[in-house]
Structures are given as C-alpha cells and as structure tokens.
K.L.:
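Provided herewith is a single structure, encoded as structure tokens, for subsequent inquiry.
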Protein chains: 2
Amino acid sequence: MMDTIGYDTYSCPVGKTVELISGRWKPIILYLIQHGVNRFGLLQKKMPKISKKVLTEQLRDLEKHGLISRDIRKSKHPQEVVYDLTASGISLRELIDKIFDWGATNLLDEAAQKMVKTMVI
Amino acid sequence: MMDTIGYDTYSCPVGKTVELISGRWKPIILYLIQHGVNRFGLLQKKMPKISKKVLTEQLRDLEKHGLISRDIRKSKHPQEVVYDLTASGISLRELIDKIFDWGATNLLDEAAQKMVKTMVI
DNA sequence: TCAATAAGTTACCAGATGGTAACTATCAAA
DNA sequence: TTTGATAGTTACCATCTGGTAACTTATTGA
C-alpha cells in the first residue's frame, strides 16, 4: 500500500480489488451468475437497463481478471454462451457479501434493511 | 439489491458502499487520517502525486458522506485544518481492511505479500 | 432458401473523474 | 509592511465510463 516517500493507489491491494467490482454492474453480474443466471440472454433479462455493449464489456473485463469463465456451447441450436464463476470469482463474491452487509446496516434506513433481508433472485 | 423485474445498481448497498471508497485516493486518505496523518499539508506530503484540487475534492466528498470531520483551528498561527474519522469512518476502515486482505492474498504475488505485511506509515 | 434466435459489434455521444498550473485568503512573526 | 506558511480555489483540459441505436454473425428448423 505504501512507502514513506509517497503512496501510490495503483499498487494498493484495496485499489486493485475495488477496481474489480467498481464497474457499474459487476457486483450484480457476479451475484446473478453464481445464482444460475449464467447466460448472456438471461443476464440481459434480469438487468433490462443494461445494454448489450456494456454487458459484453463487463463480462469481458470479469473474464480478463479471472473471475468468470466463458464457455461457448455450439451444440445448442441457436448457440449459447455460458458463464461461470471461477474459484477467484467465488472468493470475491464472499467479499462482496461483506460489503453488502456493511452497506445494508450503515447506509440503508430500517425499512430498506428489512426489504433487503427478504429479497430473492 | 433487486426485484424480479430488474436489478438497479443505484439502490444496491454494494454499489453505494463501493462509491464511498472508489475515489482514486479515498481508501488511502481514510487510512492516513486514522493513523495520525490528519492535516491537509501532512496528507499532501504523504501523497505527493495528488493535487490540492483533487485532495480537497476527495476530503469534501468523504465529509459529505459523514466519514470524516473537518475542524478549523484558528488558534494556530498559520491556521490549521484537522480531519478525523467519524464512527462511520472507523467502521468503514474495518471493511477496507478486509478488502485489503482479500486483495493482498488474491492479487499480489508472494514477494509483494511479504512486503505488504511489513509496511509502515 | 429464409426467418428467427443468441450473442454480440460498431459508431457515436454525454457526463464524470482526475489532472495541471496559476491565483487567492488569512495571519503571525520578522 | 512584507514574507512565509497553510489551505485552499479557479479555469481549463484529457480520458474513462456508460449509454443509444443500428448493424453483424452463426446456426437451425420451417
């Protein structure tokens, strides 16, 4: 994280980690993939506000960082692309859950906290 | 985080929390303030690459979100401005430490991990 | 052969973010 | 009264990020 001469955010593990999840949709994409929403089209249906372009970008970025795998299933009739979390991705998801918990107890009012606890995919 | 119709990142506690620390320098600023580097000038000395403008912006933003307090000490000869973590800020720092640990074990090679464990302010 | 479906790609645009350099305000000590 | 230190502010610019809308590719079943 640091030396006494000068800190540099780019070599800091916090910065590197935050970078992994600071795309506008990345935490949710990881969450959905882990819960079975693991194809391009399915992801789009669950996130109607994301464009194909951005979804592709975020998926490619997650793949580049080794958090998800991308598997093209040509066997299927209109060809499918299946995404899955890697071990890294699963591990990061656990961290994201901790971040979720912090945010839920520190940033939401009581009503919102209750809602959050009853949410489903 | 979600409804079945469509997910929205802006109402997600993860997104809100990541926003708090996703400024280029915010995690390090919080870390430094907690460790006694709590004046504008001191922060600048520890982060030579940050400009006054950006440092001001990040500090104002942290203050706006209730993570730090800002105290002007007019008693001092050239007037000082002292920043301190609030309870929220301290709590967020604990979360940041978890993020740090994840990043250190998952994103750094062994040599870098050793370095990170021996770092001092 | 042709339409339909899945999974993109491309061109283009707007706003947010970070950065540089120069200027400002306040006040006490010399 | 001028200098030096602290803590900014202002104008301006470049890059990054996310977004829209239209176009593309591959494949199969009708």
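Owing to the predicted nature of the structure, the values given are computational and were not obtained by experimental measurement. Here is the naming used below: chain letters follow the sequence lines, and residue numbers restart at 1 for every chain.
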K.L.:
Over all strands shown, is K53(A) touching base, sugar-phosphate only, or nothing at heavy-atom distances under 4.0 angstrom?
P.N.:
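Contact class for K53(A): base.
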K.L.:
Let's see if you can work this out: which of dT6(D), dA7(C), dG8(D) has an atom nearest to the side-chain heavy atoms of F40(A)?
P.N.:
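Among dT6(D), dA7(C), dG8(D), the one nearest the side chain of F40(A) is dA7(C).
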K.L.:
Check whether any side-chain N or O of T56(B) sits under 3.5 Å from a backbone N or O of K52(B) as a donor-acceptor pair, and report yes or no.
P.N.:
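Yes, the answer is positive, given that a donor and an acceptor are paired below the 3.5 Å cut-off.
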K.L.:
Under a 4.0 Å N-O cut-off, is there an ion pair linking K114(A) with E110(A)?
P.N.:
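No.
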K.L.:
Starting from the 5' end of DNA chain C, give me the residue, Q44(A) or V54(B), whose nearest nucleotide shows up first.
P.N.:
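In this pair, the answer is Q44(A).
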K.L.:
So L107(A) and W102(A), do their side chains get closer than 4.5 Å, heavy atoms only?
P.N.:
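Side-chain contact under 4.5 Å: yes.
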K.L.:
If you check every side-chain atom of R60(B), which of dG18(C), dG8(C), dG8(D) has the closest atom?
P.N.:
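When the side chain of R60(B) is considered, dG8(D) is the closest of dG18(C), dG8(C), dG8(D).
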K.L.:
Looking at the side chain of P78(B), which of dA5(D), dA7(D), dT27(D) is the nearest nucleotide?
P.N.:
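Per side-chain heavy atoms of P78(B), the pick is dA5(D).
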K.L.:
Return the set of residues passing side-chain hydrogen bond (donor to acceptor under 3.5 Å, both in side chains) with T105(A) (not counting sequence neighbours), or none when no residue passes.
P.N.:
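Testing T105(A) for side-chain hydrogen bond (donor to acceptor under 3.5 Å, both in side chains), a comparison that skips the adjacent residues, returns none.
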K.L.:
In this structure, which one of D61(B), D84(B), T86(B), L59(B) forms a side chain to side chain contact (heavy atoms under 4.5 Å, CB included) with I68(B)?
P.N.:
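So the option named by the test is L59(B).
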K.L.:
Quick one: W25(B) CH2 to dT17(C) C1', roughly how many Å, whole number?
P.N.:
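Atom CH2 in W25(B) sits about 13 Å away from atom C1' in dT17(C).
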K.L.:
From the set dA29(C), dG8(C), dG8(D), return the single nucleotide nearest to any side-chain atom of Y83(A).
P.N.:
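Output: dG8(C).
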K.L.:
Quick one: L43(A) CG to dG8(C) C1', roughly how many Å, whole number?
P.N.:
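Rounded to whole Å, this separation is 14 Å.
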K.L.:
Within the structure, does a side-chain N or O atom of Q58(B) lie under 4.0 Å from either OP1 or OP2 of dG18(C)?
P.N.:
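Checking Q58(B) against dG18(C): at least one side-chain N or O falls below 4.0 Å of OP1 or OP2.
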K.L.:
Given atom CD of E57(A) and atom C1' of dA11(C), what is their separation to the nearest angstrom?
P.N.:
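After rounding, the reported distance stands at 13 Å.
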K.L.:
Under 4.0 Å, counting only non-hydrogen atoms across every strand here, what does R73(A) touch: a base, just sugar-phosphate, or nothing?
P.N.:
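Touches nothing.
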K.L.:
Take the protein atom NZ of K76(A) and the nucleotide atom C1' of dA4(C), then report the distance between them rounded to whole Å.
P.N.:
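That distance rounds to 17 Å.
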K.L.:
Within less than 4.0 Å of OP1 or OP2 of dA7(C), is there a side-chain N or O belonging to R39(A)?
P.N.:
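Result: yes.
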K.L.:
Using atom CZ of R70(A) as one end and atom P of dA6(C) as the other, report the distance to the nearest whole Å.
P.N.:
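R70(A) atom CZ is separated from dA6(C) atom P by 16 Å.
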K.L.:
In whole angstrom, what separates I50(B)'s CD1 from dT17(C)'s P?
P.N.:
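In whole Å, dT17(C) P lies 15 Å from I50(B) CD1.
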K.L.:
Which whole-number value in Å describes the distance from N38(B) CG to dA7(D) P?
P.N.:
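So the two atoms are 10 Å apart, to the nearest Å.
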K.L.:
Would you mind telling me which residue lines up with the more 5' stretch of DNA chain D, H77(B) or V81(B), judged by nearest nucleotide?
P.N.:
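Residue closer to the 5' terminus by nearest nucleotide: H77(B).
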K.L.:
Using whole Å, report how far CG of D61(B) lies from P of dA16(C).
P.N.:
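Rounding to the nearest Å, CG of D61(B) and P of dA16(C) are 13 Å apart.
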